[in-house]
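Everything quoted here is computed from the prediction, not taken from an experiment.
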Amino acid sequence: MATPRTFRRIALGAMVLGLAMIAPATETTGTGSAEALVAVEGRSGSPASTVDHVADFYGAYTDALHDVGHGRLTDALRRHYLTAELRHTLTRWEAAHHQDGVVHARQVPTRWSVEYNDSGMGHCWTRVTLTWNDAGKQKHTTHLMIQSDLATRLISGIHADG
């Protein structure tokens with residue numbers, strides 16, 4: 001027969017289990033921000049989608065820049081997602097502008113988004129919006145037009161848009 005003590009243990013266990021399930025959603029680190037507490041909507045994609053390919057690249061590339069800066073990982077991402085011709089073009093552009101040619105800036109964006117723009121003649125164009133925080137914590141955005149080859153999904157052009 002269950003005693004009142006058993007019921008208290010079951011109730012306490014259920015409360016601890018319930019708290020354990022919500023704790024990861026509210027946990028922050030010493031460097032975490034209030035934005036980290038906002039519920040993140042689900043994300044999905046397809047390896048066959050050219051637009052998703054661009055989104056995957058910009059997500060991974062900005063994460064790598066944020067976490068470790070330029071180095072082997074960003075180089076590997078460029079080799080995987082960009083055509084050889086674009087990599088050579090970016091090298092020249094970066095030497096002339098002293099900025100990262102993928103994000104068209106020296107710093108790392110705080111957010112990114114990718115939208116389908118148009119397609120035709122074997123290419124797909126997507127519009128990438130990058131959000132930045134300046135020294136005064138003011139947000140501003142830049143827009144890039146990304147050209148991809150439909151046959152390979154490789155990014156073949158990156159241009160400032162507007």
Side-chain angles (χ1 to χ4, degrees), residues 21 24-162:
M21 294 178 76
T26 59
E27 183 178 325
T28 61
T29 63
T31 60
S33 67
E35 288 182 24
L37 295 176
V38 176
V40 177
E41 60 191 53
R43 297 182 185 179
S44 63
S46 167
S49 168
T50 303
V51 175
D52 289 346
H53 205 69
V54 172
D56 292 344
F57 170 67
Y58 270 89
Y61 193 82
T62 55
D63 283 352
L65 285 177
H66 180 267
D67 293 346
V68 296
H70 288 278
R72 282 193 262 169
L73 180 54
T74 55
D75 291 342
L77 288 167
R78 286 180 177 216
R79 282 190 307 276
H80 182 76
Y81 285 94
L82 310 179
T83 63
E85 183 178 328
L86 177 57
R87 291 194 308 269
H88 294 299
T89 300
L90 287 178
T91 299
R92 289 190 305 272
W93 189 94
E94 290 168 340
H97 293 88
H98 307 289
Q99 296 180 356
D100 183 311
V102 171
V103 295
H104 281 221
R106 288 189 184 120
Q107 65 270 41
V108 180
T110 57
R111 299 183 73 78
W112 56 267
S113 67
V114 176
E115 297 175 357
Y116 170 80
N117 189 73
D118 198 7
S119 60
M121 307 271 306
H123 298 285
C124 175
W125 289 270
T126 50
R127 188 169 198 230
V128 173
T129 302
L130 302 173
T131 303
W132 311 87
N133 288 339
D134 64 18
K137 299 293 183 187
Q138 297 296 316
K139 292 185 179 186
H140 64 278
T141 59
T142 57
H143 303 281
L144 302 173
M145 189 60 64
I146 309 302
Q147 176 182 322
S148 301
D149 296 333
L150 286 173
T152 64
R153 294 181 329 280
L154 294 178
I155 297 170
S156 56
I158 299 173
H159 306 282
D161 182 37

Please check if any side-chain donor atom of Tyr61 sits under 3.5 Å from a side-chain acceptor atom of Arg78, or the reverse. yes
Does the side chain of Val102 come within less than 4.5 Å of Tyr58's, by heavy atoms? yes
Return yes if some donor-acceptor pair links the side-chain N/O of Thr110 with the main-chain N/O of Thr131 below 3.5 Å, else return no. yes
Please give me the minimum heavy-atom distance between Ala64 and Leu73, naming the atom from each residue. CB-CD2, 3.5 Å
Go through the steps to decide whether Asn117 and Thr126 satisfy the test side chain to side chain contact (heavy atoms under 4.5 Å, CB included), and finish with yes or no. CA-CA 5 Å; Asn117 189 73; Thr126 50; 5.7 Å; no
To check you understand the geometry: which heavy-atom pair defines the closest contact between His123 and Ser156, and what is its length? ND1-OG, 4.3 Å
Would you sort out whether Phe57 and Leu77 count as a side chain to side chain contact (heavy atoms under 4.5 Å, CB included), showing the intermediate values? CA-CA 7 Å; Phe57 170 67; Leu77 288 167; 4.1 Å; yes
For His143, enumerate each residue passing the ring pair (Phe, Tyr, Trp, His ring centres under 6.0 Å) test, keeping only those at least two apart in sequence or located in another chain. none
Exercise: identify the closest heavy-atom pair between Thr74 and Gly69: CG2-O, 3.8 Å
Pairwise distance NE2(His104) to NE2(His159) - rounded to 0.5 angstrom: 8.0 Å
Can you name the residues that form a side chain to side chain contact (heavy atoms under 4.5 Å, CB included) with Gln107, not counting sequence neighbours? Ala105, Trp132
Scanning both residues in full, the closest heavy-atom pair of Asp118 with Tyr116 reads C-OH, 3.3 Å
Between CG on residue Leu86 and CG on residue Leu82, distance to nearest 0.5 Å: 5.0 Å
Exercise: identify the closest heavy-atom pair between Thr50 and Cys124: CG2-CB, 3.8 Å
Could you tell me the separation between the CD1 atom of Ile158 and the CE atom of Met145, rounded to the nearest 0.5 Å? 12.5 Å
Check whether more than 12 heavy atoms from other residues, nucleotides or ligands sit under 6.0 Å from atom CD of Glu94, and answer yes or no. yes
Give a yes or no answer on whether the side chain of Arg79 reaches the backbone of Arg87 with a donor-acceptor pair at less than 3.5 Å. no
If you round to the nearest 0.5 Å, how far is CG of Leu65 from NE2 of His70? 5.0 Å
Do we see a donor-acceptor contact under 3.5 Å between the side chains of Ser46 and Asp52? no
Listed partners of Asp161 passing salt bridge (charged side-chain N to carboxylate O under 4.0 Å, His left out), at least two apart: Arg127
If you apply the rule side chain to side chain contact (heavy atoms under 4.5 Å, CB included), what do you find for Ile155 with Thr83, and how did you get there? CA-CA 6 Å; Ile155 297 170; Thr83 63; over 6 Å; no
Out of curiosity, Arg72 CZ to Asp75 CG, how far, rounded to the nearest 0.5 Å? 10.0 Å
If I take atom NE2 from residue His140 and atom OG1 from residue Thr142, how far apart are they, to the nearest 0.5 angstrom? 6.5 Å
Determine whether Arg106 and Asp100 satisfy the following criterion, side chain to side chain contact (heavy atoms under 4.5 Å, CB included), listing intermediate values before the conclusion. CA-CA 6 Å; Arg106 288 189 184 120; Asp100 183 311; over 6 Å; no
When you measure from the side chain of Ser49 to the backbone of Gly45, do you find a donor-acceptor pair of N or O atoms at a distance under 3.5 Å? no
Counting distance only, does the side-chain N/O of Thr152 pair as donor-acceptor with the main-chain N or O of Leu154 below 3.5 Å? yes
Ignoring hydrogens and geometry, is there a side-chain-to-backbone donor-acceptor pair from His66 to Thr62 under 3.5 Å? no
